[in-house]
Amino acid sequence: MAAKFHSVYTARYNMPNICVACGSENTSGHIHAGKSSWNGKQNISLEFPLCAECDAIQKTQIKRARWLALLATLGAIFGCVLSANLIIDSSGHSNGLAALLFAAAAFLFIFWGLRKPFTTRGMTQDQRTRAGRLDKAVRILGYSLPGLFTSTGHIDFQFEDGKFASEFAALNHGNLI
């Protein structure tokens, strides 16, 4: 069950020594959570602890996602060249830009849809469960930095693991909402 946390914005947060995804002890890795403002001028990024098992799954997913991105890019380039040639040959005049954009969008959409099955392929059921928890482990829902007219800011998190959320709230003097 997801727990939401509200706190005054500070530059540093105290982290519990448990995994943000599954709540187990002996943390050795980390996962990033970030958010950008609507105009992209303000960014916030924090690292949260992961246990060795969740960290290994995250690294496997990242490696597979990079390969999938490479395949998607090559597929989009190939599709663009192929569709541009087909459109030019069949009509006698070039409407290549529309074909290129369509082919690129189609390939990227298809490969994005294959992302989840590809990154969890060959995993046991326990590993797939952990991978699902990693996807939802922590989210920064919103934030407001201290500014010209406000002396304090705020930040809102959502944690999937209730144990981590309660310990994070106790260490950082915020409120679970």
Side-chain angles (χ1 to χ4, degrees), residues 1-73 108 110-147 150-177:
M1 185 169 106
K4 294 181 180 176
F5 172 79
H6 178 81
S7 174
V8 172
Y9 176 82
T10 63
R12 182 170 163 79
Y13 293 93
N14 298 314
M15 297 292 169
N17 195 22
I18 60 173
C19 179
V20 70
C22 67
S24 66
E25 308 227 352
N26 301 326
T27 60
S28 61
H30 62 271
I31 188 171
H32 292 275
K35 186 142 179 98
S36 297
S37 63
W38 65 272
N39 60 6
K41 291 183 179 180
Q42 296 176 338
N43 299 308
I44 186 170
S45 179
L46 298 170
E47 290 182 355
F48 292 87
L50 286 178
C51 65
E53 294 86 7
C54 290
D55 190 43
I57 289 171
Q58 177 190 351
K59 287 178 181 173
T60 299
Q61 284 187 308
I62 289 171
K63 186 188 326 179
R64 289 179 179 180
R66 286 182 181 152
W67 276 109
L68 187 61
L70 176 65
L71 290 173
T73 303
L108 292 176
I110 290 168
F111 278 106
W112 184 255
L114 295 175
R115 179 183 62 91
K116 194 65 164 174
F118 184 77
T119 58
T120 59
R121 194 175 114 219
M123 290 184 177
T124 66
Q125 186 59 39
D126 178 57
Q127 290 171 329
R128 286 180 189 206
T129 303
R130 282 184 187 271
R133 279 192 242 141
L134 274 169
D135 287 342
K136 300 181 280 184
V138 59
R139 298 226 191 290
I140 298 174
L141 300 175
Y143 69 95
S144 171
L145 299 177
T150 57
S151 61
T152 61
H154 75 276
I155 189 163
D156 296 322
F157 296 99
Q158 180 174 323
F159 299 108
E160 193 63 25
D161 185 63
K163 180 180 175 185
F164 185 90
S166 61
E167 288 193 26
F168 187 82
L171 289 171
N172 293 291
H173 309 293
N175 301 320
L176 288 175
I177 49 176

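Quick caveat, the model's predicted, so the values are computed rather than measured. When reading the values below, keep in mind they use all heavy atoms of this one structure, side chains included, and skip hydrogens, waters and symmetry mates. Along the sequence shown, residues are numbered consecutively beginning with 1.
Separation of atoms NE2 (H154) and OG1 (T10) is listed at 13.0 Å; rounding is to 0.5 Å. Distance check: I155 CD1 to S7 OG gives 8.0 Å after rounding to the nearest 0.5 Å. In this structure, CG on L46 lies 5.5 Å from CE on M15, to the nearest 0.5 angstrom.
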Identify each donor-acceptor pair in which a side-chain atom of residues 137-144 lies under 3.5 Å from a protein atom, sequence neighbours left out, and give them as a table.
{"residue": "R139", "atom": "NH1", "partner": "D135", "partner atom": "O", "Å": "3.0"}
{"residue": "R139", "atom": "NH2", "partner": "D135", "partner atom": "O", "Å": "3.1"}
{"residue": "Y143", "atom": "OH", "partner": "S37", "partner atom": "N", "Å": "3.2"}
{"residue": "Y143", "atom": "OH", "partner": "Q42", "partner atom": "O", "Å": "2.7"}

Under 3.5 Å donor-acceptor pairs involving side-chain atoms of residues 164-177, not counting sequence neighbours:
{"residue": "S166", "atom": "OG", "partner": "G162", "partner atom": "O", "Å": "3.3"}
{"residue": "S166", "atom": "OG", "partner": "K163", "partner atom": "O", "Å": "3.0"}
{"residue": "N172", "atom": "OD1", "partner": "N14", "partner atom": "N", "Å": "2.8"}
{"residue": "N172", "atom": "ND2", "partner": "N14", "partner atom": "O", "Å": "2.8"}
{"residue": "N172", "atom": "ND2", "partner": "F168", "partner atom": "O", "Å": "2.9"}

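Contact between C19 and D161 at its shortest, heavy atoms only, is O-OD2, 4.3 Å. Taking each heavy atom of H32 and E47 in turn, the nearest pair found is CE1-OE2, 3.1 Å. Nearest heavy-atom pair across I18 and G23 is CB-O, 3.9 Å. For C54 against A21, the heavy-atom pair with the smallest separation is SG-CB, 4.0 Å. The minimum heavy-atom distance linking Q58 with H30 is given by the pair OE1-O, 3.2 Å.
Contact of the L50 side chain with the I57 side chain is not registered, since no non-hydrogen atoms from C-beta on lie closer than 4.5 Å. A heavy-atom distance below 4.5 Å is found between the side chains of R130 and C51.
Ring planes of Y13 and Y9: perpendicular class, angle over 60° (limits at 30 and 60°).
Applying the salt bridge (Lys or Arg N to Asp or Glu O under 4.0 Å) test to pairs two or more places apart or on separate chains, those with a residue in residues 52-62 are D55-K59.
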